[in-house]
Amino acid sequence: MLKNKVLALFILAALACKANPRVVADVPGSNNLKADLQQEVIVKNLVDLFEKYHYKNVPLNDSLSSVIFDRYLKNLDQGHNYLLASDVKAFERYRTTLDDDLRKGDLSTLFQMFNTFQARYNERIRYSIAQIDKDYDYNGGGTYAYDRSKMPWFASAAEADAMWTNRIRYDLLNLKIAGSDAAKNKQTLKARYENLLSQASKTNNQDAFAIMMDAFTESIDPHTNYFPPLKAQEFNEEMAKNFEGIGARLTMDNELVKIAEIINGGPAYKAKTLHANDRIIGIAQGKDGEFVDVIGWRIDNAVTKIKGPKGTVVRLKIIPAGQDLSSTPKIVELVRDRVVLEDQSAKKTIKTVTSGGKAFKIGVITIPDFYMDFKAYQKGDPDYKSTTRDVRRLLDTLKRDKVDAVVIDLRRNGGGSLPEAIQLTGLFIKSGPVVQTRDARKVEVDEDEDPGIAWEGPLGVMVDRFSASASEIFAGAIQDYGRGIIMGTQTYGKGTVQSAIDMSRVISTSDKMMLMAAAAGEKGPVHNVQKPNGGTVTMLDNTPKFGQINLTMAKFYRVTGNSTQHKGVFPDIQFPMIYSAEKYGESSEPSALPWDSIKTSKFTPFADLRQIRPVLASLHDKRMKASPEYKYLVDDIAEFNKRDDENDVTLNEAQLRKERDEQEAKALARDNQRRAAKGLPPVKKGDPKVKADPIDFVQDESLQVMADFIKLSAGDQYTLKKPIVKQ
């Protein structure tokens with residue numbers, strides 16, 4: 001009796017605390033999404049977190065409200081393809097009130113904006129479907145503007161109709177040039193657009209809330225992010241490089257959940273009862289559970305049904321690949337287990353490079369990101385997954401293979417775990433500071449305290465514009481210690497530190513009880529997520545029930561005292577940059593923190609490479625002047641920049657065919673030049689594609705640089721045993 005009274009009191013409290021919406025969010029033609037009580041509680045707590053703990057210490061006021069407003073509009077319709085100028089004008093009354101709304105937990109204005117966008121999206125897609133059956137003339141002029149991001153919002157529905165008619169014309173022209181029948185092209189395109197409409201109908205308030213929170217957090221800085229519960233789980237699994245489930249990657253195919261790939265080593269791989277392109281039409285829990293029909297489900301909802309604790313059983317109703325949907329389904333029973341994502345872990349290859357008549361064996365270790373299974377580590381699991389542990393094992397095998405040098409490939413490595421960047425650096429230096437971090441109160445020096453070195457020989461590090469955060473810490477430390485040669489392009493420039501905070505730690509006990517009571521009174525436990533077609537999808541126990549915030553709380557600094565923020569790491573051996581700093585990287589982010597510097601840490605460099613770096617650069621430049629591949633790279637960059645600056649395409653069939661024929665001829669000529677250099681016969685247009693090893697010119701040339709490094713090291717111009725001391 002008492003329990004029921006307490007529950008009733010909390011339900012009343014929940015109803016009393018629910019924000020009174022300032023505006024009506026419903027918009028005809030949309031899903032009429034609204035905030036739930038949990039989202040209102042979360043956003044109020046996020047505001048409090050930001051104002052107390054964010055590194056920037058920015059107050060949520062009218063000025064920041066305006067920034068949030070602009071970013072939210074951009075997140076909704078970056079290409080200016082859906083909203084009308086009249087919509088945006090109507091939204092303007094919210095520009096300086098979002099701060100007050102967020103502080104109160106009132107998301108009605110943001111949901112009204114989202115619902116308006118979705119209504120316009122549905123209008124555009126329905127209009128486009130109606131245009132597909134028309135006949136179009138491709139002999140005249142006209143263009144399709146595929147990038148309208150810098151163009152004004154549509155002045156009227158008629159202007160929007162004209163642009164979307166051109167889009168349909170372009171889609172059909174693309175299919176026509178590909179060689180398909182006109183009737184089949186229309187059928188293909190109609191199915192594509194109907195699928196877009198179907199997927200839009202499945203959009204729920206969690207999707208909308210995620211976009212709103214991105215606009216809020218990224219207005220403060222680009223790397224503070226809120227993850228709703230399921231996204232938080234995905235983020236943490238990606239960091240750990242393992243999860244519990246069946247070991248299959250899924251995709252959507254015309255309202256059906258389809259097996260895209262079987263992960264090596266997982267339960268599905270071992271059982272050999274599932275295959276790529278099998279379609280899942282039903283899911284059941286345990287050996288005796290009833291099947292739930294999942295046709296038309298969102299993929300994330302299907303995933304939560306298939307994943308589950310290690311040792312539990314899941315049964316899948318399958319239509320095997322290649323069989324008609326009317327075929328008798330097959331039942332597959334699998335026992336869930338821990339699945340390790342080895343394909344996303346550090347890997348090694350051994351390359352042989354000839355320089356000056358001598359062959360050198362160089363081990364290349366590719367690290368996709370800096371990962372660590374924090375939960376397994378905290379539990380004392382001796383086999384926990386981490387970048388440093390994997391790389392140490394790879395180095396042991398490379399030493400047994402007697403390689404002459406090691407190259408760490410960090411290209412497109414966006415970072416990850418700070419402790420892993422420090423420990424990985426420790427595999428190559430004796431001991432000492434690796435990175436400095438400064439928060440609002442103090443500067444801390446993070447050191448490698450292990451005097452052991454896993455690899456003492458010549459070392460190189462490859463980076464590019466998308467090497468960021470932990471990658472920059474590692475590359476910067478290797479460069480500052482004189483431990484190795486950095487090769488590539490200027491890195492991303494992310495020099496901020498984020499702490500992952502489970503929102504369960506932030507939300508008060510009374511708020512949690514209120515939320516649980518409200519959920520129990522309305523639609524079941526709070527740890528369930530609504531499906532768009534009714535019912536619930538149960539989250540796993542390790543899912544952060546209220547989501548997770550990755551909050552910027554400090555900045556990184558190299559041991560020299562220089563921040564990696566904005567500027568990143570400049571390589572010793574530089575290659576042409578494909579992606580410009582103006583459009584890609586931290587310096588392109590308007591809310592990014594500025595560059596600055598602090599005092600230098602006391603450290604003992606491994607060696608002094610100041611004299612050898614210009615020698616290596618000179619040898620590199622000499623090779624580049626004589627290299628056809630270097631010329632191809634420069635040409636590719638020029639072509640990329642040209643395409644990157646374009647925003648429309650012709651709707652004249654003859655002209656479009658001519659442009660594509662020229663591009664194809666250029667690519668064919670280049671392929672034949674490469675084949676000729678390898679002593680292979682040329683291929684002609686229309687010949688079957690010959691699969692060849694991909695050419696990685698940057699890696700190939702980096703290995704040549706390492707060969708130079710090895711030779712110069714042997715000549716005592718670079719001595720590993722005589723470090724200099726820097727105070």
Side-chain angles (χ1 to χ4, degrees), residues 223 225 227 231-245 263 265-266 310 338-348 365-396 408-410 412-429 431 433-435 437 444-450 452 454-455 461 466-478 492 494-502 505 540-544 548-554 556 564:
H223 305 294
N225 300 107
F227 297 106
K231 292 296 181 183
Q233 180 186 318
E234 289 175 12
F235 175 86
N236 294 330
E237 289 173 350
E238 176 66 22
M239 180 66 76
K241 288 290 181 277
N242 68 78
F243 64 92
E244 292 182 354
I263 299 172
K310 177 181 177 180
R338 179 171 176 257
V339 180
V340 179
L341 301 174
E342 293 293 355
D343 61 328
Q344 297 177 26
S345 303
K347 297 184 182 64
K348 65 144 179 126
I365 298 178
T366 302
I367 303 176
D369 51 34
F370 287 79
Y371 49 87
M372 181 184 184
D373 189 342
F374 289 102
K375 288 188 176 180
Y377 171 76
Q378 290 168 348
K379 289 178 182 177
D381 184 346
D383 194 33
Y384 72 90
K385 183 82 171 166
S386 85
T387 300
T388 304
R389 290 164 63 92
D390 288 348
V391 171
R392 186 188 290 275
R393 285 191 285 265
L394 295 175
L395 287 171
D396 288 342
I408 304 296
D409 190 346
L410 298 180
R412 292 192 172 271
N413 181 321
S417 166
L418 171 61
E420 284 304 304
I422 296 165
Q423 292 181 41
L424 185 70
T425 304
L427 297 182
F428 303 100
I429 64 172
S431 62
V434 174
V435 65
T437 58
E444 289 189 354
V445 179
D446 296 302
E447 300 197 14
D448 163 47
E449 298 177 350
D450 183 354
W455 174 255
V461 181
F466 296 106
S467 303
S469 195
S471 292
E472 295 172 293
I473 291 170
F474 176 79
I478 295 299
Y492 192 90
K494 179 188 176 292
T496 55
V497 188
Q498 284 73 44
S499 295
I501 302 171
D502 187 329
R505 294 166 48 195
L540 302 180
D541 289 339
N542 63 347
T543 306
Q548 175 177 303
I549 180 73
N550 287 7
L551 186 68
T552 297
M553 301 181 73
F556 292 129
T564 56

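- For the pair Val391/Trp455, no side-chain contact is recorded, criterion being any heavy-atom separation below 4.5 Å from C-beta on.
- Atoms CG and CG, from Leu395 and Leu427 in turn, are 6.5 Å apart once rounded to the nearest 0.5 Å.
- Atom OG of Ser467 is separated from atom CD1 of Ile367 by 11.0 Å, given to the nearest 0.5 angstrom.
- At a threshold of 4.5 Å between non-hydrogen side-chain atoms, the residues Thr425 and Asp448 do not count as touching.
- Residues passing the salt bridge (charged side-chain N to carboxylate O under 4.0 Å, His left out) test with Arg412, sequence neighbours excluded: none.
- Remark: Leu551 CG to Ile501 CD1 distance equals 5.0 Å, nearest 0.5 Å.
- The aromatic rings of Tyr492 and His223 stand perpendicular to each other, their planes meeting at an angle above 60°, with 30° marking the opposite boundary.
- Annotation for Gln344 and Lys241: closest pair O-CE, 2.9 Å, computed over non-hydrogen atoms.
- Around atom NZ of Lys347, more than 12 heavy atoms belonging to other residues, nucleotides or ligands sit under 6.0 Å away.
- For the pair Glu447 and Pro433, the tightest heavy-atom approach, listed with the atom from each and the gap, is CG-CA, 3.7 Å.
- Here the shortest heavy-atom pairing between Leu341 and Ser345 reads O-OG, 2.9 Å.
- Between Ala470 and Gly416, the closest heavy-atom pair is CB-N, 3.9 Å.
- Closest non-hydrogen pair, Arg505 versus Ala500, comes out as NH1-O, 4.1 Å.
- In this structure, Thr552 and Gln498 have side chains that are in contact, with non-hydrogen atoms separated by less than 4.5 Å.
- Using modelled atom types, one side-chain atom of Glu472 and one backbone atom of Lys494 make a donor-acceptor pair closer than 3.5 Å.
- The closest donor-acceptor contact from the side chain of Arg389 to the backbone of Tyr384 lies under 3.5 Å.
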**OP:** Decide salt bridge (Lys or Arg N to Asp or Glu O under 4.0 Å) for Glu342 and Lys385; before the verdict, give the C-alpha distance in whole Å, the side-chain angles of both, and the deciding distance to 0.1 Å.
**Re:** CA-CA 10 Å; Glu342 293 293 355; Lys385 183 82 171 166; 3.1 Å; yes
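- Salt bridge annotation for Lys375-Glu237: absent, with no cationic side-chain nitrogen under 4.0 angstrom from a carboxylate oxygen.
- The backbone N or O of Lys379 lies less than 3.5 Å from no partner atom in the side chain of Asp381, so there is not a single donor-acceptor pair.
- Legend: residues meeting ring-ring contact (aromatic ring centres under 6.0 Å, His included) with Phe374, ordered by chain and number and at least two apart, are absent.
- By the 30° and 60° cut-offs, the orientation of the rings of Phe474 relative to Phe370 is tilted.
- A heavy-atom distance below 4.5 Å is not found between the side chains of Thr564 and Ile473.
- Between Ile408 and the choices Ile478, Thr366, Ile365, the side chain to side chain contact (heavy atoms under 4.5 Å, CB included) rule is met once, by Ile365.
- Side-chain contact between Val434 and Asp446: absent, with no pair of heavy atoms (C-beta onward) separated by less than 4.5 Å.
- Distance alone, capped at 3.5 Å, places no donor-acceptor pair between the Gln423 side chain and the Thr388 backbone.
- Distance alone, capped at 3.5 Å, is enough to place a donor-acceptor pair between the Tyr371 side chain and the Ala346 backbone.
- Without hydrogens or angle criteria, Glu244 side chain to Lys310 main chain gives a donor-acceptor distance under 3.5 Å.
- Summarising the local packing, OH of Tyr377 is surrounded by 12 or fewer heavy atoms from other residues, nucleotides or ligands at distances under 6.0 Å.
- Classification of Arg393 and Asp390 as a salt-bridged pair holds, one side-chain N sitting under 4.0 Å from a carboxylate O.
- The shortest side-chain heavy-atom distance between Pro544 and Asn236 falls under the 4.5 Å cut-off.
- Residues Phe556 and Thr437 form a side-chain contact, since some pair of their non-hydrogen atoms from C-beta on lies under 4.5 Å apart.
- In plain terms, the two heavy atoms of Gly414 and Ser469 that are nearest each other are O-CB, 3.8 Å.
- Using a distance-only test at 3.5 Å, with no hydrogens or angles considered, a donor-acceptor pair links the side chain of Ser471 to the main chain of Asn413.
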